[in-house]
S.K.: 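Sharing a structure below in structure tokens format, with a few things to ask.
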Amino acid sequence: MNTQPTIALIDDDEIFQFTTSRIIKLTNLPFNITQFFNGEQAMTYLSNNAQQPDKLPDIILLDINMPVIDGWMFLDEFKTLAKKLKKKITIYMVSSSIAPEDIRRAKSNPFVSDYLVKPVSAETLRQVLTLN
Amino acid sequence: MTIKTHHTAKIQPDNKLEQFHLKLALDAANLGIWEWNLQTGEVRWSDNVEQIIGLKNKFDGKAQTYLNSIIEEDREFVAHTINDAIKNKIDFAVEHRVVLKGDTIRWIEGNGKVIFNEAGKALSLTGTVRDITDRKNNEAQLQQRDLLFATLAHVTSEFIQHANWEDAIFSVLQSLGEMMRVDRVYIFQNDATKTGVIETSSQRFEWNSSHTNPQINNPDLQNLPIGLFPGMELMLKNKPFHSLVKEIEDKGLRELLSSQSIVSILIFPIFVKQKFWGFIGFDDCANERNWSELEFSVLQSFSSSLAAAIERKVSVEALANSEVSYRNLFDSVGEAIYVHDFNGIILDVNQRVLELYGYTKDELVGQTPAIFMAEGMNDLEVIAGKFQAVISGTPQTFEWWGKKKDGGIFLKEVHTNKGLYFGKEVIIATAWDITERRKFETEIRESEQRFRTLQQASFGGIGLHDQGKIIDCNKGLCDITGYSYEELIGSNGFNLIAPEWQEIVKHYVVSGYDKPYDVEGVRKDGSRYFLEIQGKEIPYQGKNIRVTEFRDITARKLAEEKIREQNIRLIHLTEDLTKKNDQLEEFTQIVSHNLRSPAGNIVSLLNLFEQAKSNDEKNEYFRLLKQTGDTILGSLNELNEVLKIKQNRDIERQHINFSDALENVQKMLTGKIMELSAHITTDFEKAPSAYFPAIYMESILLNLLSNSLKYNNPSKPLLITLQSEETEHAVVLHVSDNGLGINLERYGHQIFKMRKTFHYHPEARGIGLFLVKNQVEAMGGNITVVSEENKGTTFTIQFKKPVGS
């Protein structure tokens, strides 16, 4: 049985997915990485596995700017989903936007632990992973 | 005269002288003598007997013939009387009637003696006859006369005894009926009419003999036109009418009366106060009557008595009514009324006095006004003088402090005049409690004073007007309007208002509107000014008028105007700034999302590159770095394009035919259109062209069409419709498809943003609609979208029309 914690990356930017996965691996922290390339894909997965804690991620890095279901919409839907989830999931908003409006909005959301500005350094990632 | 002997039977006097004397005696007494032989039945008589009994030269000497000459009713009585005399051996005397030829009735008095033999057997009758007709008639007349006078006396006393003649009328009618030996007596009264002209008459009272049927309840005898009654011309002249029914000329009337078995009729008119009141009638249903002079005069006298009785009742009633109505009036008037004699003694007071003072009438009558006088508050000498003036015929008015029974004091105004009270000269006083009025008058005076002070102190113009006509105003109104006080008073206040506002002001005046409102005023010199008016209805000197305040609000209006202008300018400025801000925000977003994101990736890749341990790994990072560089360059190019659009607002515009532009675009998209067998229909008839930059038009059509092609619904053939129309300020183009559609509830806010895509389509880049929107808006137009998932999408673009077109 896999006892390692899981981090889920939700971002349509393939290069971001690639670099972030690589950085996580370089930290040598025992994390499984799950990649979702848009909000809808991630939401479907979480809904389907809401009752199975071992399949749910511990941490989500959520991009704002995505097609179809963007980060904000994902958070809206997560609000309803959270009650059914058998596991507490920590969400980090990850965006290249440095607009104060975006940062304020993210931080005021009760499900968001923090707002990370891209590019996310190895140091930041390590802190995020070890904090949990 | 000779004594005739019929056959052999003749009275033979003993000697000539004796015979002569007898004849003389008989003639003088108009006496006939006769002898009836009971044995033979033969009768002998002196020759004047035949004349007396009307059988001259006809008598056959038989006793039976004589008896037959007696009228039937009396015959048996005569026979009985004679038989009785024979039987009882006594003398007899009998009165009977005989019928002479020509139906004349004659009264005969017969006296007789029975002659007996020694054996006591009746041998013969002997006696006299005498014509007593004249005596009989005189007797009857005397009897009738007695009856007439007795009846008249009865009737008169009945009328005197009964205050209301109607209570006596039945007894009276009965007496009259019996006296006149008629079958019916009746009284008709003419019906009252509004005009006073008599039209109909109704039966009121009736008496009937036992031989006829009462007609009192006969409805036909009510409201009969007076023309129907016989002898009406005579009656209207207060003259009686009488007739035998068979002699009445009017056939209808004759038959009507005959049908009631009436044979003779007599009618006397009744005049009350010289007016034809009605009539009394007498019907005889058995005999043809010839009414005697006496009867006429007695009935005439009776009808006068009846008229007098009726008249008395009418007068009594009228008097009673008028007394009651005067008393009611007296008591119901709101003013207090007192009747004093010349010594001041109270004779009568009305109800109001009792209410005013709290006394009962008994407590006041017989007293002097001292009973309700407030001590020490009235100048009694002056009032006594007033009373004297009234007695000498000059009405007087004075004030009087009265005291109620409970001690309350109040002020009255008293008006006194001389009058008549039940025939006696009196002083009549009327009084009003004027305490309230005094108080009210004082208040009014004070309030008017206050009002005037206030008016003059007010800075605004105040005018009192009655439907526009100025009654009073203050100096403020003169100052505002430029007219003098004298010019304003009596003038039409509406002339102070600009003509185009007058109707509104009139409307407000009529409807009693009492809120302030703004109009324009005109001064005496014709100049205009902004004016605020506020009016209110107030009672003023007993009528409702309007007090209106004028406020010159020119300064305020100008300030308002300035503020409004600045407001508009500020709004424009704000709009402009908001637009610029929006654009800036949009750029920030574009920069952060579309440039920062790949830049961040470069940083990350470079970090990884540095840490790379193998060449393969380094090559991989390097490839990704190049790819990211291309992305940045692409984004920069797109951004540049948008910037160009935004900056290049003066790009040349021309009238572009929609069909021409569409043709070019269709050529570019031929492959895709053919692949999907897309059907494109157009309708540009209503607006064939738009004034727009050619390259933007093509860009817009290209983006919208390729969107439709890109997001087609694979389950049905694609249909694209382009349609144009024209509104007041714009040419409008609708581009519709039946494709996948967009959930606008979800994505509506993002649809025209850069890098926003809503389908996982490989070609979705999120730039097309962003460009379209920028191109449309840069030219002053706008674009909107209506869409429903799986139904299709319609974009509507408004191309601003060139100014002056």
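None of these values were measured; they are calculated from a predicted model. So you know, we letter chains A, B, ... as the sequences are listed, proteins then strands, and number each from 1.
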S.K.: Anything in residues 610-623 of chain B with a heavy-atom distance to chain A below 4.5 Å? Please list those residues in order.
M.R.: Q611(B), E617(B), E620(B), Y621(B)
S.K.: Would you mind reporting whether F31(A) and I59(A) have side-chain heavy atoms less than 4.5 Å apart?
M.R.: yes
S.K.: Heavy-atom distances under 4.5 Å only: say whether F37(A) touches chain B with side chain, backbone, both or neither.
M.R.: neither
S.K.: Grab the two heavy atoms, one from S708(B) and one from I720(B), that are nearest each other, plus how far apart they are.
M.R.: CB-CD1, 3.8 Å
S.K.: Side chain to side chain donor-acceptor pair (under 3.5 Å), that's the test. Do D102(A) and S97(A) meet it? Break it down for me.
M.R.: CA-CA 7 Å; D102(A) 284 343; S97(A) 169; 2.6 Å; yes
S.K.: Using the side chain to side chain donor-acceptor pair (under 3.5 Å) criterion, which residues pair with S715(B)? Sequence neighbours excluded.
M.R.: N713(B)
S.K.: Shortest non-hydrogen contact from M779(B) to P693(B)?
M.R.: SD-CG, 3.6 Å
S.K.: Heavy-atom distance under 4.5 Å between the side chains of D58(A) and K87(A), does that happen here?
M.R.: yes
S.K.: If every non-hydrogen atom of G71(A) is compared with every non-hydrogen atom of L62(A), which pair is closest and at what distance?
M.R.: O-CD2, 3.6 Å
S.K.: Side chain, backbone, both or neither: which part of L624(B) has a non-hydrogen atom closer than 4.5 Å to chain A?
M.R.: both
S.K.: Quick one: closest heavy-atom pair of I64(A) and M93(A), and the distance?
M.R.: CG1-CE, 3.5 Å
S.K.: Please determine, among L605(B), I602(B), V603(B), the option with the most heavy-atom pairs under 4.5 Å with chain A.
M.R.: L605(B)
S.K.: Is there any residue in residues 106-116 of chain A with a non-hydrogen atom under 4.5 Å from a non-hydrogen atom of chain B, and which ones are they?
M.R.: none
S.K.: Can you tell which of S95(A), A122(A), P119(A) has the highest number of heavy-atom pairs within less than 4.5 Å of chain B?
M.R.: P119(A)
S.K.: Hey, are the side chains of I680(B) and T721(B) touching, using non-hydrogen atoms and a 4.5 Å cut-off?
M.R.: no
S.K.: For residues I23(A) and L608(B), determine if any side-chain heavy atom of one lies less than 4.5 Å from a side-chain heavy atom of the other.
M.R.: yes
S.K.: Got a sec, which residues hit ring-ring contact (aromatic ring centres under 6.0 Å, His included) with F36(A), two or more places apart in sequence or on another chain?
M.R.: Y45(A)
